[in-house]
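Right, one structure below, let's go through it.
In what follows, every heavy atom counts, from backbone to side chain, and hydrogens, waters and symmetry copies are set aside.
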Amino acid sequence: MEKKTRREFLKEAGTAALGLGWALPLAAAGCAPRGHNIAGSQRQWAMVVDLEKIQDPAVREAAQKACARTHNIPHIPDPQEEIQWIRVESFEHVFEDQIHGAMPPHELERSVLVLCNHCTNPPCVRVCPTQATWKRESDGIVMMDMHRCIGCRYCMAACPYGSRSFNWRDPRPFIETDAEGKFLSDFPTRTRGVVEKCNFCAERLRDGLEPACVEAVREVPGGEGALVFGDLTDPHSEVSHILRETPSRARRVTLGTGPNVFYIG
Amino acid sequence: MGDRGKALVGLGVFILLVTFPLWGRLAGGQPVPGRDDLVYPDPAKATDCIEARDWMTANHMNLLNRWRDDLVRRGVTEYVSSSGKRYYPSLTKTCLDCHDDRDKFCNRCHDYAHVTPTCWECHTTPGGGA
């Protein structure tokens, strides 16, 4: 074999190193899991919404009312300033990327309950400058720390689902109270200038309870199973079972956010 | 020079008045404002605070900040005091469970110290009181 000069050897070694430097990140990207990657969290709470069952207005109202009372959510009539953790929207608007011209109007007009999707890859978390919102590793909930929120509303701009609401004013005068003027829950109210959203009832989960909406719809006749809550990483959970057995959809999956609220029926 | 007596009396009165803050407290035995007038929890409910009373007076705000970060961000649901007792780290559920008169405890001292913590803008008293 021809003997190389020191200069030639260094040139070739440098070229090879450069080649590796390019190739490694590409190889890593190729190997990385795509789409619904729930490996980041030890658990991932998820919800399955049965569209058939929530066509009953009583079921939807039970869910919304339970949510509002559990979290002291104000009722502000002005749609510009309203605070919503769990909203009702038309099928047409919720699944705007999945509708086509041949769908019958009654299909498009169906009511859908929408809430924070507690995404696997939440864009709101990525943009928050103060880490006031973050993806909890223990169970995948996208949490909010109201103490840290500075009200910049980047998260609202980043969320493709409109799941977040901003407190334009002191919400307290708009919160339901009992006869003695006390709030219905000890859950801290919010204050002017912070963003809020569904927290999957993290405070109830801590006490071993289900989310308030899930519990409430079960009480309504015909509402049993309208909302099902469970751990997506557990193959034996009810949500995993339903999603294996039943055709399902989720909102705007092509964005890669990995929503964890699913719709059947 | 006939005014010497008057001047001395005037000077005496002046000194008395100026030094009133020094001897007034001793003579009158007035309570120290902002402390003794606080309403503490019913001894039947609790006799000890989470930590020593003096320490709590000086550091309760730091403890609450730590609890806030522990519970909200780190998911720690227990605080072990230096005496080994375990507490749930919550302002409303733990502190206010004993200190049930916010106006005559928290607010009275905060007013005296002229501090305006923002806790109550969001947190309620047990039972949903604003």
Side-chain angles (χ1 to χ4, degrees), chain A residues 41-43 68-74 125 128 130-151 167 169-194 196 199 202-208, chain B residues 39 41-42 45-46 50 59-81 85-107 110-111 115-130:
Chain A
S41 302
Q42 293 161 25
R43 274 200 288 194
R69 291 182 159 184
T70 305
H71 299 113
N72 286 325
I73 296 170
V125 168
C128 180
T130 60
Q131 293 177 21
T133 191
W134 74 99
K135 175 93 176 155
R136 194 156 77 175
E137 280 181 16
S138 60
D139 57 7
I141 291 182
V142 175
M143 295 284 290
M144 275 293 299
D145 182 351
M146 299 303 171
H147 304 98
R148 276 206 202 184
C149 179
I150 57 171
N167 285 277
R169 54 171 80 209
D170 179 11
R172 285 198 163 183
F174 300 91
I175 300 174
E176 188 182 351
T177 53
D178 62 13
E180 291 172 35
K182 290 188 163 182
F183 299 125
L184 304 181
S185 157
D186 276 348
F187 193 83
T189 69
R190 272 68 65 197
T191 182
R192 195 176 73 141
V194 296
E196 61 182 87
N199 66 349
E203 80 287 353
R204 285 171 58 89
L205 295 172
R206 195 160 60 210
D207 294 338
Chain B
V39 174
D42 183 356
K45 179 102 188 173
I50 287 160
N59 296 299
H60 63 282
M61 63 298 275
N62 299 329
L63 183 74
L64 286 169
N65 281 353
R66 183 183 149 184
W67 279 12
R68 172 195 70 195
D69 293 342
D70 271 359
L71 189 70
V72 179
R73 304 194 72 87
R74 303 186 195 109
V76 178
T77 56
E78 202 172 63
Y79 172 76
V80 183
S81 75
K85 278 184 84 176
R86 291 163 194 280
Y87 296 92
Y88 184 71
S90 165
L91 170 64
T92 299
K93 288 182 183 159
T94 304
C95 301
L96 299 184
D97 184 41
C98 293
H99 294 284
D100 49 9
D101 197 335
R102 196 176 74 189
D103 282 336
K104 292 182 181 150
F105 184 74
C106 310
N107 293 355
H110 289 158
D111 286 347
V115 291
T116 48
T118 51
C119 310
W120 315 123
E121 287 178 18
C122 295
H123 290 275
T124 65
T125 54

_Side chain, backbone, both or neither of B:Thr125 within contact of chain A (heavy atoms, under 4.5 Å)_ = backbone

*So which of A:Leu184, A:Ile175, A:Asp186, A:Thr191 has the largest heavy-atom pair count under 4.5 angstrom toward chain B?*
A:Asp186

_pair A:Arg148-B:Val72: side-chain heavy atoms closer than 4.5 Å_ = no

*Count the heavy atoms of every other residue, nucleotide or ligand shown that sit under 6.0 Å from CZ of A:Arg192, and state whether that count exceeds 12.*
no

*Using non-hydrogen atoms only, which part of A:Glu203 is less than 4.5 Å away from chain B: side chain, backbone, both, or neither?*
neither

*Is it true that atom CD of B:Glu78 has more than 12 heavy atoms of other residues, nucleotides or ligands lying nearer than 6.0 Å?*
yes

*Which bit of A:Met144 comes within less than 4.5 Å of chain B, counting heavy atoms only: side chain, backbone, both or neither?*
backbone

*Counting only heavy atoms closer than 4.5 Å, note whether B:Arg73 contacts chain A via side chain, backbone, both or neither.*
both

*Which heavy atom of B:His123 sits nearest a heavy atom of A:Arg172, and at what distance?*
O-NH2, 3.5 Å

*Highest number of heavy-atom pairs under 4.5 Å with chain A: which of B:Thr124, B:Thr92, B:Leu91?*
B:Thr124

